[in-house]
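Values reported hereafter were calculated over all heavy atoms of this structure, with side chains retained and with hydrogens, waters and symmetry mates removed. Protein chains get the first letters and strands the later ones, always in sequence-line order, with residue 1 at the start of each.
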2 protein chains.
Amino acid sequence: MKICIIGSSGHYGYALNGIRADGQSDIAGLSKGDKDENIEGLIKQVREAGYQPEVYDDPVEMMDELKPDIAVIDTFFHKNSKLAIEAMKRRINVYIEKPVALTLEELDRLIEVYNQTQVKLSTMLGIRYSPHFWTAHNLVKNNKIGKIRLIHAQKSYKLGVRPEFYKRRETYGGTIPWVGIHAIDWIYWFSEKKFKNVYASHSSLFNNNNGELEVTAVCNFTLEDEVLATVNIDYLRHSSAPTHGDDRVRIVGTEGVVEVINEKVFLLGQDTDGQKEVPPEQGPVTFLDFIWEVRGIGKCLVSAEDSFYVTKASLLARESADRNEIISF
Amino acid sequence: MKICIIGSSGHYGYALNGIRADGQSDIAGLSKGDKDENIEGLIKQVREAGYQPEVYDDPVEMMDELKPDIAVIDTFFHKNSKLAIEAMKRRINVYIEKPVALTLEELDRLIEVYNQTQVKLSTMLGIRYSPHFWTAHNLVKNNKIGKIRLIHAQKSYKLGVRPEFYKRRETYGGTIPWVGIHAIDWIYWFSEKKFKNVYASHSSLFNNNNGELEVTAVCNFTLEDEVLATVNIDYLRHSSAPTHGDDRVRIVGTEGVVEVINEKVFLLGQDTDGQKEVPPEQGPVTFLDFIWEVRGIGKCLVSAEDSFYVTKASLLARESADRNEIISF
């Protein structure tokens, strides 16, 4: 596989992991995605890993010249969907940062081009691959808690110092689509239910002079079969905390509860005498399963359909919060 | 203090605790609150504690004859507010099960009589008094986490076998007012902010043939100053769990996080190096502080105003869930 990487403003590390684990792919080119983007760190990292990529200033020129099999697209958030469209039009498969678009209109356009071009596409919802979430998901899939009825998901991050483009909705997209999308993804991935409606709220107060960036948000989803779910999102994790993020999910079923907290998995149900910690299992490797899907073998854990659907859910949640209205899917 | 107890369908144990701790009060009378209520357990418990109460079938007759200082009102939920009104009209102070009314109309009537009669009133929001919640509240009050921005509160109970009156909305009131009210109370008590609007959902599916009883519910509150809060409520706690309830609250401030989970208190903030467990302190004793307020000394932790306000919030949340609408306070 010939791979090009455009931008380094998000989770391109997932791609590097998968390429390393694969061992049969080449990183042929690197380009910034925006003239103001600095990709020096990416260039250094890729060279140190033993690759000799061509470095471009113009990602479209890079795609035209190098004709990669896969474009990893991870630049300033508002540019990602446009570059993915450029890639797909050239029949290049796309591994794109989430959310895959910052507006519903851009999402529709992306889906349209995807349907026309029939390339492969996945997005960087990499937390699904972490051993604790993977293990929790297996417990649910193996019917350890019966039918899912209630989910609460939490994302809590340190704010730290954020790049300039985080400070404007137009370039950042908002905290529900950027951070909350993981929590929304878990709800969808675990429950296997479609969303029926959402009500959400968010606030930019106390954002430490980060412009329009929302530092707190909550969502309330109703899914098929009256499955209920809430989300808490914040950038207020204290700088002294041992980890950057405090990701949690609690899934309540008719026969038990599965929980991820502190990167540990807990099960309460008929198979346990009280609550018990479940040792984490290793799941697939991020991006490696996408490489294999492009090769025609197997399916990536995060499908194109899931990438689109979860992005849409996060954009509708943001819209609900902006308008203070319940929004139906 | 001469005390009468009407009914034994809820948390009358809080009153027994306070009376025992006081040591200077008498339980003068006991009565069922509804002809179908069985108060044999209460009678036995009170006699074993060394009191010789008169036992009545008619609570109003009991109040007229015994003229107690305080009536503890804890019968079938739909009868509580009516009996509280009867007590207040006789200038008897009232310690009433929560929610203090099952409809907004009944709540208005209760408040009207309260304002006319100027008795003392408190409600059984007893979790405020538990050492872990009391300790968490002190941390917030002592400014350990800065300004509160986000709260998530959880109530999870074993369903077990419930009395018949739980199966009808008219007599039970609903799971948001009965169970969720505690979580709603914590949000109000910790934040000291008024509610601005609520959106809630609930479901009676998979309720094990308990009629109209909702087994899952979620609420989403916006408070003053864009403080955001969510609630998860369920009756799906597995029978093998070590405790009946799994009460939690997580309070995110501008300078840290306070959390109650597994009856433990955790603080993450400037005073801790990473997250630290905080040893629980003993708070006041339920009902004992109400006895002292009736004596004219001090203030009960759960004021009449809080009792009314938190009941109103829980009834509006229920209404939101019934109507699938955002409701403004």
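Taken from CG in B:L150 to NE2 in A:H202, the straight-line distance is 13.5 Å, to the nearest 0.5 Å. Here the CG-OG distance, from A:L223 to B:S201, works out to 10.0 Å after rounding to the nearest 0.5 Å. Atom CD of B:E226 is separated from atom CD of A:E214 by 10.5 Å, given to the nearest 0.5 angstrom. Rounded to the nearest 0.5 angstrom, A:T272 OG1 and B:H238 NE2 are separated by 7.0 Å. Atom CG of B:L205 is separated from atom CG of A:L228 by 9.0 Å, given to the nearest 0.5 angstrom. B:T254 OG1 to A:N207 CG: the interatomic distance, rounded to the nearest 0.5 Å, is 12.5 Å.
Sparse packing is recorded around CD of B:E192, with 12 or fewer heavy atoms of other residues, nucleotides or ligands lying under 6.0 Å away. Heavy-atom contacts from other residues, nucleotides or ligands closer than 6.0 Å to NZ of A:K158 number more than 12. Environment of CD in B:E325: crowded, with over 12 heavy atoms of neighbouring residues, nucleotides or ligands closer than 6.0 Å. Atom CD of B:E170 sits in a sparse spot, with 12 or fewer heavy atoms from other residues, nucleotides or ligands closer than 6.0 Å.
For a residue to count as touching a neighbouring chain, one of its non-hydrogen atoms must lie under 4.5 Å from one of that chain's; by this rule B:T216 touches chain A with backbone and side chain alike. For B:Q270, the parts lying near chain A are the backbone and the side chain together; criterion is any non-hydrogen pair under 4.5 Å. Using a 4.5 Å cut-off between heavy atoms, B:L159 does not touch chain A at all. With a threshold of 4.5 angstrom between heavy atoms, A:F206 approaches chain B through side-chain atoms but not through N, CA, C or O. For A:I151, the part lying near chain B is the backbone, with the side chain staying farther off; criterion is any non-hydrogen pair under 4.5 Å. The parts of B:N324 that come within reach of chain A are both its backbone and its side chain, each placing non-hydrogen atoms under 4.5 angstrom from that chain. Neither the backbone nor the side chain of B:T243 comes within less than 4.5 Å of any heavy atom in chain A. For A:S239, no part lies under 4.5 angstrom from a heavy atom of chain B.
Across B:N220 and A:C219, no two heavy atoms sit closer than the pair ND2-C, 4.1 Å.
Taking a cutoff of 4.0 Å between a charged side-chain nitrogen and a carboxylate oxygen, B:R248 and A:E259 qualify as a salt bridge.
You'll find the side chain of A:D246 stays beyond 4.5 Å of the side chain of B:V257, heavy atoms only. In this structure, the side chains of A:R250 and B:D234 come closer than 4.5 Å at one or more pairs of heavy atoms. A heavy-atom distance below 4.5 Å is not found between the side chains of A:H152 and B:Q154.
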Could you go through the side chain to side chain contact (heavy atoms under 4.5 Å, CB included) check for B:S240 and A:L268 one step at a time?
-> CA-CA 8 Å; B:S240 71; A:L268 169 62; 3.9 Å; yes

Let me see the working for B:V215 and A:R149 under side chain to side chain contact (heavy atoms under 4.5 Å, CB included), right down to the final yes or no.
-> CA-CA 9 Å; B:V215 283; A:R149 302 304 306 151; 5.9 Å; no

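Counting heavy-atom pairs under 4.5 Å between each of B:V227, B:D225, B:N197, B:T222 and chain A puts B:N197 at the top. Counting heavy-atom pairs closer than 4.5 Å to chain A, the top-ranked of the candidates B:G253, B:G269, B:P242 is B:G269.
In this structure, a donor-acceptor pair under 3.5 Å is present between the side chains of B:T230 and A:N232.
Using cut-offs of 30° and 60° on the angle between ring planes, the pair B:Y199 and A:Y199 is perpendicular.
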